[in-house]
Amino acid sequence: LRVWLDGLKDSNLPQFDNLPDVSLYMDQIVSYIDTILAPYSRDEQKLITSFMVNNYVKAKIIEAPVLKRYNKNQLSYLIAICLLKQITSMSNMANSRGLIQAKDG
């Protein structure tokens with residue numbers, strides 16, 4: 001636990017403006033998120049897989065990709081999901097997504 005906590009001291013999540021401006025394919029999304037969230041994985045388990053992303057799309061937690069590419073907004077939601085799924089349920093996230101959309105719209 002101490003090693004994991006020490007690793008978090010120097011980690012920073014990217015700001016929204018620093019996320020890639022180009023749309024990314026599934027394998028690029030998974031690789032990018034694995035890289036930036038590696039310090040947050042406590043037991044070396046995958047925080048995200050393509051299977052997980054597909055399930056989030058099916059559950060309408062994130063929007064479906066356009067032409068198999070995910071944009072900056074979808075990427076930011078996926079990063080948040082990866083962090084939040086460690087402390088809350090998928091149904092809570094799905095309900096929160098509806099609140100966020102209503103607030104944005």
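Just so it is clear, the values below take in all heavy atoms, side chains as well, and ignore hydrogens, waters and symmetry mates.
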Closest non-hydrogen atom pair, K46 against D34:
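Looks like NZ-OD2, 3.1 Å.
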
Nearest heavy-atom neighbours spanning K72 and D21
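Closest approach of K72 to D21, heavy atoms only: NZ-OD1, 2.8 Å.
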
Is there side-chain contact between [X] and [Y], with at least one heavy-atom pair below 4.5 Å?
X: L75; Y: N71; result: no
X: Y70; Y: S23; result: no
X: K85; Y: M52; result: yes
X: V53; Y: T49; result: no

How long is the gap from [atom1] on [X] to [atom2] on [Y], to the nearest 0.5 Å?
X: Y25; Y: I29; atom1: OH; atom2: CD1; result: 12.0 Å
X: L24; Y: Y32; atom1: CG; atom2: OH; result: 8.5 Å
X: L47; Y: L83; atom1: CG; atom2: CG; result: 7.5 Å
X: L37; Y: I79; atom1: CG; atom2: CD1; result: 6.0 Å
X: I62; Y: L78; atom1: CD1; atom2: CG; result: 4.0 Å
X: Q74; Y: Y56; atom1: CD; atom2: OH; result: 14.5 Å

Just by distance, do the side chain of [X] and the backbone of [Y] share a donor-acceptor pair under 3.5 Å?
X: N54; Y: S50; answer: yes
X: S31; Y: D27; answer: no
X: E63; Y: V57; answer: no
X: S76; Y: N73; answer: yes

Answer yes or no: does atom CZ of F16 have more than 12 heavy-atom neighbours from other residues, nucleotides or ligands under 6.0 Å?
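Counting neighbours around CZ of F16, more than 12 heavy atoms of other residues, nucleotides or ligands fall under 6.0 Å, so yes.
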
Under a 4.5 Å side-chain heavy-atom rule over Ile, Leu, Val, Met, Phe, Trp and Tyr, are V30 and L13 clustered together?
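In one cluster: yes.
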
